[in-house]
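Worksheet: the structure to be examined is printed underneath.
Since we're looking at a predicted model, the values are computed, not measured. Residue indices begin at 1 and follow the sequence shown.
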Amino acid sequence: TVTQQNFFSKWSALNGPAHETVVVMDVHPRLHSMIDISKCFSLGGSIGLLHGLDKNPNNLVGTSTFQEISPIDSALVQSISCLIRFELGSGPMKGKARVTVRSDDKKLGEALIACLGLQLSAN
């Protein structure tokens, strides 16, 4: 189980361009509520929502772990965790969202951002 303390500890440790992918997107108008957004954000259960970690009700925090099999030896499997934050804009940023993924694998973070964009973005 991920606690608030260990989530934000890992979040801080994965700081910097080598570990972080960020995008600002227009949220699709079909997503009328945070319930609708959270359903899309979870990518069918691939991202576990961490309720109560972010005190802002317009933000979502999640985590996911992906398995990478070595191309040399299929018995070698590496777990790569991703931490994801969705921040829904308000005021002049209404209708927009910032999505941040932090991971040990930059390409995995970029792929995850692309998948989230397909689910959440109006573009």
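Applying the side-chain contact (heavy atoms from CB on, under 4.5 Å) test to S42 and every residue at least two apart in sequence or in another chain returns nothing. Remark: S38 pairs with L49, L60 by the side-chain contact (heavy atoms from CB on, under 4.5 Å) rule, at least two apart or across chains. With sequence neighbours excluded, the residues satisfying salt bridge (charged side-chain N to carboxylate O under 4.0 Å, His left out) with K96 are D26. Listed by chain and residue number, nothing satisfies the side chain to side chain donor-acceptor pair (under 3.5 Å) test with S12 (two or more places apart in sequence, or in another chain). The salt bridge (charged side-chain N to carboxylate O under 4.0 Å, His left out) test applied to R85 returns D54, E87, not counting sequence neighbours. Contacts of D105 classified as side-chain contact (heavy atoms from CB on, under 4.5 Å), with partners at least two apart in sequence or in another chain: E68, I80, S103, K107, L108. Qualifying side-chain contact (heavy atoms from CB on, under 4.5 Å) partners for K10, counting only residues two or more places apart in sequence or in other chains: L14, S81, L83, D104. Not counting sequence neighbours, E110 has no partner by the side chain to side chain donor-acceptor pair (under 3.5 Å) test.
Within the structure, every pair that satisfies the ring pair (Phe, Tyr, Trp, His ring centres under 6.0 Å) test and touches residues 9-45, not counting sequence neighbours, is listed here: F7-W11. Counting only residues at least two apart or in different chains, salt bridge (Lys or Arg N to Asp or Glu O under 4.0 Å) contacts with residues 114-123 are absent.
With contacts defined as side-chain heavy-atom distances shorter than 4.5 Å, the pair D36/R30 does not qualify.
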| query | Are L116 and I84 close enough, and set up right, to give a side-chain contact (heavy atoms from CB on, under 4.5 Å), and what steps lead you there? | reply | CA-CA 10 Å; L116 287 166; I84 308 103; 3.9 Å; yes
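The side-chain contact (heavy atoms from CB on, under 4.5 Å) test with C82 is passed by exactly one of T65, T21, L112, I47: L112.
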